[in-house]
Amino acid sequence: MGRLRDVGLVVIAALACDPVVREAAAEAMASPMAAPATAAEKAARKQAKAEKKKAGKIARGEAMLPDGRKKAGGKQAKAKQAKQEKAKQAKQAKVVPSSPSSAAPGGPPLPPCPPENVLTWRSFGAGFLLTWCTGCHSSALAEDARQGAPQAVDFDTYALYKPFERLVYERAVTEAHAISVDPDAAASPMPPAGLVPAADRERLAQWIACGSPAPH
């Protein structure tokens with residue numbers, strides 16, 4: 001052990017005599033130790049890191065909301081837009097009256113208006129629509145209470161009914177007649193709960209044929 005210690009001392013002494021080693025040691029001792037970062041420097045580094053991360057997300061097509069949440073971009077934005085457009089189209093489809101099916105062969109044609117017609121909105125039309133139609137086709141009903149009736153197809157006033165008088169004729173007269181002749185006919189009469197009696201269908205056809213006379 002003593003011999004090893006002597007050898008170590010000789011090596012250290014030799015290195016100490018080397019001018020290159022002495023110069024390197026002096027420079028190392030002269031260099032001050034790095035001071036710890038201040039709170040302001042730490043905050044600046046953190047902010048720079050966050051800005052760099054945000055720039056990377058923007059470059060990838062992403063965006064950030066003010067509260068820090070990621071805003072959908074690229075495929076997500078397109079999918080969301082397509083979903084909104086589909087919902088808009090479905091909503092618009094609800095306000096379009098359903099198209100009546102073709103009149104069945106042999107169905108009653110629109111009769112001529114008799115000169116002695118006395119049927120008016122007050123004497124016939126309002127009561128007929130109240131009895132057979134406004135249980136679903138009323139502007140006072142909420143959407144979930146209309147039993148599937150299209151929005152804006154309402155008959156609770158003359159002004160609301162008038163644009164749809166031909167539709168009423170086709171569904172409540174022509175198609176009802178087709179079903180009464182052939183229960184398996186491809187028709188969709190109104191009201192769906194049951195057919196209007198034949199006598200009332202004839203009076204409805206006459207009133208509509210005369211132009212659905214308004215109240216006086």
Side-chain angles (χ1 to χ4, degrees), residues 75 78-216:
K75 293 183 179 180
K78 291 181 179 179
K80 184 177 180 181
Q81 184 178 2
K83 185 177 180 181
Q84 291 175 343
E85 185 65 23
K86 186 176 180 180
K88 182 179 179 180
Q89 292 176 354
K91 185 176 181 181
Q92 291 176 342
K94 291 182 180 180
V95 302
V96 178
S98 57
S99 301
S101 58
S102 301
L110 193 65
C113 176
E116 67 278 7
N117 175 65
V118 293
L119 300 177
T120 65
W121 168 263
R122 184 172 300 171
S123 66
F124 172 76
F128 178 93
L129 296 172
L130 177 64
T131 301
W132 297 102
C133 304
T134 56
C136 300
H137 293 274
S138 173
S139 59
L141 293 175
E143 183 177 359
D144 57 357
R146 296 175 66 88
Q147 305 298 321
Q151 290 285 342
V153 182
D154 299 314
F155 308 138
D156 43 320
T157 68
Y158 183 81
L160 293 173
Y161 151 79
K162 183 63 175 176
F164 301 104
E165 60 181 356
R166 187 69 186 187
L167 177 64
V168 172
Y169 172 78
E170 292 181 355
R171 302 295 288 273
V173 177
T174 301
E175 299 199 9
H177 174 77
I179 290 294
S180 67
V181 173
D182 180 9
D184 296 326
S188 54
M190 289 292 173
L195 298 180
V196 175
D200 284 339
R201 293 204 305 267
E202 291 176 4
R203 298 174 71 198
L204 176 64
Q206 177 181 317
W207 179 55
I208 295 175
C210 293
S212 304
H216 298 292

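The basis for the numbers below is simple: all heavy atoms, side chains too, and nothing from hydrogens, waters or symmetry mates.
Taking CD of E165 as the reference point, atom CG of L204 lies at 10.0 Å (rounded to 0.5 Å). Here the CZ-CG distance, from F155 to L129, works out to 7.0 Å after rounding to the nearest 0.5 Å.
A donor-acceptor distance shorter than 3.5 angstrom exists from the side chain of H137 to the backbone of V153, with no hydrogens or angles considered. A distance-only check finds a donor-acceptor pair linking the side chain of E175 to the backbone of S188 [under 3.5 Å]. Checked by atom type and distance alone, the side chain of S123 pairs as donor or acceptor with a backbone atom of T120 at under 3.5 Å.
Counting all heavy atoms, side chain and backbone alike, A209 lies closest to P111 at CB-O, 2.9 Å. Of all the heavy atoms in L141 and G135, the pair that sits closest is CD1-O, 3.3 Å. For A176 against A172, the heavy-atom pair with the smallest separation is CB-O, 3.3 Å. Taking both residues in full, the closest heavy atoms of P191 and V196 are given as CD-CG2, 3.7 Å, listed atom of the first, atom of the second, then distance. In this structure, P213 and N117 approach most closely via the heavy-atom pair CG-ND2, 4.0 Å. Listed here is the closest heavy atom pair of S180 and R201: OG-NH2, 3.9 Å.
Counting only heavy atoms from C-beta outward, the side chains of C210 and P114 approach each other to under 4.5 Å.
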Exercise. Should I208 and R166 be marked as a side chain to side chain contact (heavy atoms under 4.5 Å, CB included) after you check the CA-CA gap, both sets of side-chain angles, and the distance that decides it?
Worked result: CA-CA 8 Å; I208 295 175; R166 187 69 186 187; 5.7 Å; no

Problem set entry | side chain to side chain contact (heavy atoms under 4.5 Å, CB included) between H177 and V173, intermediate numbers included | CA-CA 6 Å; H177 174 77; V173 177; 5.7 Å; no

Exercise. Given D156 and S139, is the side-chain hydrogen bond (donor to acceptor under 3.5 Å, both in side chains) satisfied, shown in steps?
Worked result: CA-CA 7 Å; D156 43 320; S139 59; 2.6 Å; yes

Problem set entry | Evaluation steps, side chain to side chain contact (heavy atoms under 4.5 Å, CB included), between D200 and F128 | CA-CA 8 Å; D200 284 339; F128 178 93; 4.2 Å; yes

For this session: Carefully, step by step, assess C113 and Q206 under the rule side chain to side chain contact (heavy atoms under 4.5 Å, CB included).
Result: CA-CA 6 Å; C113 176; Q206 177 181 317; 5.9 Å; no

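Centroid-to-centroid, the aromatic rings of W132 and F124 stay 6.0 Å apart or farther.
The existence of a salt bridge linking E143 and R146 is excluded, since no basic side-chain nitrogen approaches an acidic carboxylate oxygen closer than 4.0 Å.
Between W121 and Y158, the ring planes lie perpendicular to each other; the angle is over 60°, past the 30° to 60° tilted range.
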